[in-house]
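Predicted model only: the values in this text are computed from it and were never measured. The figures that follow rest on heavy atoms only: side chains count, while hydrogens, waters and symmetry mates do not.
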Amino acid sequence: MSGSAQKAVLKPSLDFQTHLVRLEAQGLLIRVDRPINKDTELHPLVRCQFLGGIPEGDRRAFLFTNVVDSNGRRYDIPVAVGALAASPKIYAVGMGCAVEEIGAAWTHAIANPIAPILVNSPACQEVVITGDELRKPGGGLASLPVPISTPGFDAAPYLTATLCITRDPETGIRNMGTYRGALKATDRLGVRMSSRIGGAGGDLHWVKYRERKEPMPCAI
């Protein structure tokens, strides 16, 4: 295979569905179609490969297409676990490069940031739920098949890669961070914005809003 052809094959996909197809084509994804309880079974099944002595190179991503909960509710949204970084091979597919090139690709990306592009109709806002639809029983955030990460220990289902955008009430500058979000209600997450030296952006914004006694606007 020529160098140009190899680069075309390794070109990363920005579409997650295409990424899953590529993983499955390379034997890196296991599809589970039988009912799986998101509250008791889903994460423990995936975690077995990390605790059961399976070599790192043999670990797989999982796609659960028939997700239920302990109350018998059936969800129409599949759940993918480990599809980004369960193994170096899986990570490399997402990066669009060979495993040995991952470090150099990150170094280049950090040194050459891409300027943001303003769009009017982002794909992430194709579905927007507000008002009574957000608060109805089983609606809003509760309509998502959020798994319980560690059954018997976690206080709630957790979104482990929640992308949160907050705004500084004084400067208007936004902060974007990935925080762990506990599902507390159909319209509420308990987000762990840990404070740290120098301050985590979202946490500092919350402190300012708290002092002003105003609710902090937060897009998730």
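- A continuous path of ILVMFWY side-chain contacts below 4.5 Å connects L144 to Y179, so both sit in one hydrophobic cluster.
- The side-chain hydrogen bond (donor to acceptor under 3.5 Å, both in side chains) pairs that include a residue from residues 23-32 are E24-R31, where partners are two or more places apart or lie in different chains.
- Contact between P12 and G94 at its shortest, heavy atoms only, is CB-O, 3.6 Å.
- Applying the side chain to side chain donor-acceptor pair (under 3.5 Å) rule to R212 yields the partners E214; only residues at least two apart in sequence or on another chain are considered.
- The NE2 atom of H43 sits 11.0 Å away from the CG atom of L45 when rounded to the nearest 0.5 Å.
- Counting only heavy atoms from C-beta outward, the side chains of E101 and V99 never approach each other to under 4.5 Å.
- Annotation for A61 and L23: closest pair CB-CD1, 4.1 Å, computed over non-hydrogen atoms.
- No more than 12 heavy-atom neighbours from other residues, nucleotides or ligands sit within 6.0 angstrom of NZ on K89.
- Under a 3.5 Å cut-off, the side chain of N71 and the backbone N or O of R73 do not form any donor-acceptor pair.
- In summary, the side chains of N66 and Y75 do not present any donor paired with an acceptor at a separation below 3.5 Å, with no hydrogens or angles considered.
- For the atom pair OG of S13 and CZ of R22, the computed distance is 5.0 Å after rounding to the nearest 0.5 Å.
- Cluster annotation: L183 and V67 are assigned to distinct hydrophobic clusters (Ile/Leu/Val/Met/Phe/Trp/Tyr, side-chain heavy-atom contacts under 4.5 Å, transitive).
- Residues V191 and L159 share a hydrophobic cluster, clusters being chains of Ile/Leu/Val/Met/Phe/Trp/Tyr side chains in contact below 4.5 Å.
- For the pair T150 (side chain) and F153 (backbone), a donor-acceptor distance under 3.5 Å is absent.
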* D154 and R180: CA distance, side-chain angles, deciding distance, salt bridge (charged side-chain N to carboxylate O under 4.0 Å, His left out) verdict -> CA-CA 12 Å; D154 284 337; R180 195 177 190 217; 3.7 Å; yes
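- Side-chain atoms of N175 never come within 3.5 Å of backbone atoms of T166 as a donor-acceptor pair (strictly under, hydrogens ignored).
- Minimum heavy-atom separation, V79 to P147: CG1-CG, 4.2 Å.
- Summarising the local packing, CZ of R167 is surrounded by 12 or fewer heavy atoms from other residues, nucleotides or ligands at distances under 6.0 Å.
- The stretch residues 168-179 participates, sequence neighbours left out, in these salt bridge (charged side-chain N to carboxylate O under 4.0 Å, His left out) pairs: D168-K208, E170-K208.
- Here the CD1-OG distance, from I77 to S143, works out to 5.5 Å after rounding to the nearest 0.5 Å.
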Just distance, no hydrogens or angles: give the donor-acceptor pairs under 3.5 Å from side chains in residues 46-57, sequence neighbours left out.
residue, atom, partner, partner atom, Å
R47, NH1, S149, O, 3.1
R47, NH2, S149, O, 2.8
R47, NH2, S149, OG, 3.3
Q49, OE1, R60, N, 2.8
Q49, NE2, R60, O, 2.9

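- In this structure a side-chain-to-backbone donor-acceptor pair under 3.5 Å is present from K38 to V146.
- Of all heavy-atom pairs spanning P88 and I102, the tightest one is O-CD1, 4.1 Å.
- Residues D39 and P151 form no side-chain contact, since every pair of their non-hydrogen atoms from C-beta on lies 4.5 Å or further apart.
- Within the model, atoms CG of L29 and CG of L20 stand 6.0 Å from one another, a figure rounded to the nearest 0.5 Å.
- Note: the hydrophobic cluster containing I30 does not contain L28 (ILVMFWY, side chain heavy atoms under 4.5 Å, direct or indirect links).
- Qualifying salt bridge (Lys or Arg N to Asp or Glu O under 4.0 Å) partners for R188, counting only residues two or more places apart in sequence or in other chains: none.
- The two residues T186 and A142 make their nearest non-hydrogen contact at CG2-CB, 3.9 Å.
- No path of Ile, Leu, Val, Met, Phe, Trp and Tyr side chains, each step under 4.5 Å between heavy atoms, connects L63 with V32, placing them in separate hydrophobic clusters.
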Could you list the donor-acceptor pairs under 3.5 angstrom formed by side chains in residues 121-141, with sequence neighbours left out?
residue, atom, partner, partner atom, Å
E133, OE1, K136, NZ, 3.1
R135, NE, D187, OD2, 3.4
R135, NH1, G131, O, 3.2

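- At least one side-chain heavy atom of M176 sits under 4.5 Å from a side-chain heavy atom of L163.
- Under the 4.5 Å side-chain criterion, counting only non-hydrogen atoms from C-beta, F64 is in contact with L42.
- Scanning both residues, A105 and M95, for their nearest heavy atoms gives CB-CE, 3.8 Å.
- A donor-acceptor pair under 3.5 Å is absent between the side-chain atoms of H205 and the main chain of I165, judged by distance alone.
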